[in-house]
Amino acid sequence: MNVFACVNPQCYGKPESWKALRSQCSESDVKQLLERQHVSNLQVKQVPMSTTEWCDEADDWGMEPENDKPQSCARTPAAASQPVADTAQAALDASDRLVGLCISGPGGKEATGSVHQAVPAFQPFYISVMEETDLVACKDLEHANRLLKEYEAREGVAVRGNGSSEAEGVHEKYEKAEAKHGDAVFSSFMKRISLCPQQVLRYSWSGSPLFLTEPPSNITQVVPACAHCGSPRVFEFQLMPALVSLLHNTDPSSELVLEFGTVLVYTCRESCWMSGSNVPVEEFLFVQADPDQKLFK
């Protein structure tokens, strides 16, 4: 998935300023590529070398050359390296398919010009991946609280009034209280990401997104079906607010800033794709702006 966004401040938070393009390669194409590489590897043969192929007159042991010219080492024949070049070319076929992807212009023709021009980009970086259930298991105190309640009822004492238990009671009361600003969705969002505030992406194919603000009541109707095969689109992943501070321009001389709250990406449930196609499939994005963004205008 390739996500593109307009960095013009006037376009922040507008869904029409974002594009999500899906490109893929079928399993059959990958299998053919591997078979080609295997055949090319079998064609590579080791060329036997004689003593004269190392240096001129190398087999004339103990004999001085007729002149003082420096001895030149022989090279492997060019024909022997050809299968290696074929193997390398076959290995690049998959990446060539991605490089050749283009956005269709009017009338189904491939767009030219601006598509091949260098566009601004953010510096890439690796991210660590972990299951949210692992984080929940580390901080889940439900079992401990249940045991504490059973102990209090059995012994007739109030342990929560002492030490850290009091703090836990205050925390529990705070969670049950309604948000002062009245935005329950935002409060739920912040509580959910509190397990890992630095998260930059949430992935859950055909799962449930995490909305930053109240979504439309007809969100299921807002997400259109796939324009190519007509299958429903499902939620796949979303970009999180913490990503904003990590986006740095690849060109230090120019400023490149992008502001957003969260960006939800919905993709075709069937992952439809035509074998050999070099045109990416456009998917649907649902953009929610940062609730505090209006304060900085």
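Nothing here was measured: the structure is a model prediction, and the numbers come from that model.
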Run the numbers on W273 and S23 for side chain to side chain contact (heavy atoms under 4.5 Å, CB included), then give the verdict. CA-CA 8 Å; W273 185 260; S23 58; 4.2 Å; yes
V281 versus C268: any side-chain heavy-atom pair under 4.5 Å? no
Taking everything shown except E16 itself, do over 12 heavy atoms lie less than 6.0 Å from its CD? yes
Check whether I127 and V263 end up in the same hydrophobic cluster, where Ile, Leu, Val, Met, Phe, Trp and Tyr are linked by side-chain heavy atoms less than 4.5 Å apart. yes
Would you mind reporting whether F211 and F286 have side-chain heavy atoms less than 4.5 Å apart? yes
Minimal heavy-atom distance between L21 and P280, with the atoms involved, is CB-CB, 4.0 Å
List in chain and number order the residues that pass side-chain contact (heavy atoms from CB on, under 4.5 Å) with H248, two or more places apart in sequence or in another chain; answer none if no residue qualifies. Q123
For L243 and L258, run side chain to side chain contact (heavy atoms under 4.5 Å, CB included): C-alpha distance rounded to whole Å, both residues' side-chain angles, the deciding distance at 0.1 Å, then the answer. CA-CA 10 Å; L243 179 62; L258 183 63; over 6 Å; no
List in chain and number order the residues that pass salt bridge (Lys or Arg N to Asp or Glu O under 4.0 Å) with R192, two or more places apart in sequence or in another chain; answer none if no residue qualifies. E132
Is there side-chain contact between I193 and M240, with at least one heavy-atom pair below 4.5 Å? yes
Closest non-hydrogen atom pair, F284 against P224: CD1-CD, 3.5 Å
With K14 via salt bridge (Lys or Arg N to Asp or Glu O under 4.0 Å) - residues at least two apart: none
Go through the steps for Y12 and V287 under the test side chain to side chain contact (heavy atoms under 4.5 Å, CB included), then give the verdict. CA-CA 9 Å; Y12 291 166; V287 182; over 6 Å; no
From CZ (F122) to CG (L247), nearest 0.5 Å: 5.0 Å
Output all residues satisfying salt bridge (Lys or Arg N to Asp or Glu O under 4.0 Å) with E270, sequence neighbours left out; order by chain, then residue number. none
Minimum-distance pair of heavy atoms, taken over all atoms of D290 and L212: CA-CD2, 4.3 Å
Side-chain donor or acceptor of S194 paired with backbone N/O of K191 under 3.5 Å: yes
Working to the nearest 0.5 Å, report the span between NZ of K31 and CD of E35. 5.5 Å
Closest approach of V265 and A20, non-hydrogen atoms and distance? CG1-CB, 4.3 Å
Any idea which heavy atoms bring L264 and P209 closest together, and the distance? CD2-CB, 3.2 Å
Compute the ring centroids of F260 and W18, then answer whether they are less than 6.0 Å apart. yes
So, using side-chain contact (heavy atoms from CB on, under 4.5 Å) as the criterion, who are the partners of S271 when residues are at least two apart? R22, Q24
The reported gap from SG in C226 to CD in E282 (rounded to nearest 0.5 angstrom) is 11.0 Å
Reported OG-to-CZ distance for the pair S204 and F235, which is rounded to 0.5 angstrom: 6.5 Å
The complete set of side chain to side chain donor-acceptor pair (under 3.5 Å) pairs with one or both residues in residues 213-240, sequence neighbours excluded, reads Y203-E236, T213-Q288, R233-E283, E236-T267, Q238-T262
On a heavy-atom basis, which atom in M130 and which in L135 lie closest, and how many Å separate them? CE-CD2, 3.6 Å
Just verifying a value: how many Å separate C229 SG and R269 CZ, rounded to the nearest 0.5 Å? 9.0 Å
Hey, are the side chains of F189 and P291 touching, using non-hydrogen atoms and a 4.5 Å cut-off? no
